[in-house]
Every structure is written in C-alpha cells, then in structure tokens.
Protein chains: 2
Amino acid sequence: MQPTARRGRPRKQEADARILDAALELLLDCGYDRFSVDEVAAKAQVAKTTLYRRWPTKDHLIVAVVARIQDEVPVEYSGDVRADLTRYLNEIVNGLNRMRQVGRATASGDASAGLVAEVAAAAARHADVGAAVQAMFARRNALVLTLLEQAREHGELRSDVEPGVLFDQLAGALYYRLLVTGRPIDAAYVDRLVTGALTGASA
Amino acid sequence: MQPTARRGRPRKQEADARILDAALELLLDCGYDRFSVDEVAAKAQVAKTTLYRRWPTKDHLIVAVVARIQDEVPVEYSGDVRADLTRYLNEIVNGLNRMRQVGRATASGDASAGLVAEVAAAAARHADVGAAVQAMFARRNALVLTLLEQAREHGELRSDVEPGVLFDQLAGALYYRLLVTGRPIDAAYVDRLVTGALTGASA
C-alpha cells in the first residue's frame, strides 16, 4: 500500500489496455498464424520485455485478447430469464462472429472457427495456456450461473435445474456449431435453442 | 462393373483399413505434432503415393482416423429415447476419451482435448479439411437425428421438438467441456445432461 505502488497500478492497466488494443487490431489484420508479439510491442510502443513478462507466449497474449472481448458482455438478472439468456447468448454469438473476422482476408480456408479453434488447440498443447483459458471461462461463466441461480430462486426455473448443465447445453451448442459441425449461428438459432432448453424435449 | 474393378474394391478397402489401423496406432504413440504420414506408409507397408493419393495431407488422414472411431458407434431407436440417448452420448464420451489418450505420454500440457482441438483447428485452417470434418459429422449426426424423429413420431418427444437443436444441446455440452471449459465428462454427467434436456429448465 505504498504510494508508488498505488500510482503504478493505473499506468500498468493503461499499458495493458494499449497492448491488448494493438494485439486485437493485429489479430484482425493478420490472423493467428502471422500474428507476432514483437509487432504488438512495436505498435503499442512498449518494450518487448514488458510484454513478455506479462504474457510469456503469443498464445497467452491471444487468450487475454479473447478474454477482453468476452469481458465486454454484461450479465445481470432482470427478472426475465428467457430474455436474459437470449441477450447473453446473442452477445456470445456476436463475440464469436467478431473472432470469425480474424485474419479472414488472408485465410486459405473457412476462417469462421479460426481463432477460437486455435485457442482451443493451444490450450490443449500447453498446460499453462489451458489453465488461462479455463480460468477465463470459469470467471465468465460464474456470472451467468449466478443469474440462473437467481432465476431459479425467483421461481422462473425448476427447483431441480442445474445451472451448470443448463448453461453447457446453451453455450455448448453454439461452440459445437462453430468448432465441429460448421453450421451457422445467429439470433434465430439462439431463439430455437433457448426455447428447446427451457421447454424440454420430453412429451 | 468390370470384374477387375469388383476384385479391386475389397483390396482397396483392406489397404484403407490397414492404413487407418497403423495411423491410429501411431497417433496414440506420437500425438498430433510428431505424427508422420511417411511413418504410417512404412508401418502399413503401402507405397507413400497410394497414401497421399487417398489422403493428401496429414490432417486429411487424421480426420479419417477420427471418422473411423466414430463409425464404430451404433445408432438405433429402441423405443426408449432416454436410454438410446444415454447410450449414444456415453459412446461419444468414450470416443473422446480414446482420443484423449493420443500422444498423452509425450504431451507437455493437458492433452485431454488434444486431438479433437487439433482437428478443429485444422478444419478452420484448410477449407478442404473443414469440408471433410463437416461431412463426417453431418453423416454421423443424420443417424441420431433420424432416431430422434422416430422418438417424436412414437410420442416420446414433444411434437414441436427440433431434433437438430436438441442434439446440439447434448453433443455440444460434451464438446464444450472438452474443448473450452476443460470440465470432466463421464457417465454421471451424461445422465444429468439427458435429464436436463428432456425435462427442460422452465418451472
């Protein structure tokens, strides 16, 4: 709690923000393969060592960029769980579509799943990247799980509903389409998905 | 329909099976990164040209290996959709867990999602690999969608249920845990998932 430490923090956050902005811009331009940490340092006008101390590899930096895109999504229970879930899932769809743009012009194939798939592969390859990705999703998902618990307490959801399983069904369907089957995701699909999960399939 | 063509087919299928067996064995030993098409050709005792004619890249061959693991899963409506879905999803879990073993000993990180994530990334990078992966899943999923339609016709599922959306919720949750959140998947989770999707979340 020394004055120098307190003064130091905002400067550090400001540098982080500048780095992540530069990284996102470069990712959008270059795509995953041609993304370079050195170029980010140059663009953000910070020392390479500063950048590497904070994010030791390209993959760590990319996970931080993805986390920042996700952090822009607000999560709050309004009393109408259907509306809240629809809004939140549409934000995920929009975030995934923003990531779809990454390196699109330069990609040889369908870049739709590109960045998300590269992050998943990097997470599987390197334990520390995997831990960073999982921590990011655990933190984000905790907010929506709280929302679902509130909806359950308010009597909107069944008392025996498991928020974690329900959210896996919803977010999982979006990522499954993006990463595995390649089917499109949009607002109309989100509607059908939320209806299916809330109503249930049993006759 | 010449005799030579007919005689040729089983030999070709036999060679394919030998190649895919060798490829799976090597994948299990080496993992994705160190997997080499040349080594597969040597192990399967086929000419490299034969192998490259059939699967032009390492990624194409790996997709074929994954497709073969999936093809071992039977899909048939028994009159009890809950039992059928539970059995089928457990087969997916087992298949994913088999793929988890790929290169485990040599991986630096948590290889749990390794092969599946690498295939997703390759599908995103190369349009033709993406098309092969999507065709594989479309073919496999068509069988389970037929099963769900039969269950709907038999009155086990609601008449307005959308089989494609329902299956996305179920398979999607498994892949989401494997590729994104890193949470475990097992038979107990499959049970909670099927219960959630059949019952629905609304109070």
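The structure displayed is predicted, hence computed values, not measured ones. Throughout, protein chains are lettered first and strands after them, A, B, ... in sequence-line order, and every chain is numbered starting at 1.
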Visitor: Given A:D168, which of B:R177, B:R183, B:R192 fulfils the salt bridge (charged side-chain N to carboxylate O under 4.0 Å, His left out) condition?
Guide: B:R177
Visitor: Quick check: closest heavy atoms across A:G155 and B:A203, and the distance to 0.1 Å?
Guide: O-CB, 3.2 Å
Visitor: Highest number of heavy-atom pairs under 4.5 Å with chain B: which of A:L170, A:V119, A:T195, A:V180?
Guide: A:V180
Visitor: Between A:A120 and B:L179, what is the shortest heavy-atom contact and its length?
Guide: CB-O, 3.7 Å
Visitor: Heavy-atom cut-off 4.5 Å, strictly under: side chain, backbone, both or neither for B:L166 against chain A?
Guide: side chain
Visitor: For a quick test of reading the model, state the closest non-hydrogen atom pair linking B:A121 to A:A117 and the distance between them.
Guide: CA-CB, 3.6 Å
Visitor: Between B:A138 and chain A, with a heavy-atom cut-off of 4.5 Å, which part of the residue counts as in contact: side chain, backbone, both or neither?
Guide: neither
Visitor: Give, for atom CG of A:L178 and atom OH of B:Y175, the distance between the pair rounded to the nearest 0.5 Å.
Guide: 14.5 Å
Visitor: Is there a side-chain contact (heavy atoms from CB on, under 4.5 Å) between B:Q169 and A:L193 once you walk through the steps?
Guide: CA-CA 8 Å; B:Q169 287 171 53; A:L193 186 58; 3.7 Å; yes
Visitor: May I ask you to name which of A:L148, A:V81, A:L157 has the most heavy-atom pairs under 4.5 Å with chain B?
Guide: A:L157
Visitor: Can you tell which part of B:N141 gets under 4.5 Å to a heavy atom of chain A, answering side chain, backbone, both or neither?
Guide: side chain
Visitor: Using non-hydrogen atoms only, which part of B:E156 is less than 4.5 Å away from chain A: side chain, backbone, both, or neither?
Guide: backbone
Visitor: For a 4.5 angstrom cut-off between non-hydrogen side-chain atoms, does A:R158 reach B:T199?
Guide: yes
Visitor: Output the option from A:V161, A:D160, A:V165 having the highest count of non-hydrogen pairs under 4.5 Å with chain B.
Guide: A:V165
Visitor: Would you say B:E149 has more than 12 foreign heavy atoms packed within less than 6.0 Å of its CD?
Guide: yes
Visitor: Do B:Y176 and A:L174 touch side chain to side chain, with heavy atoms closer than 4.5 Å?
Guide: no
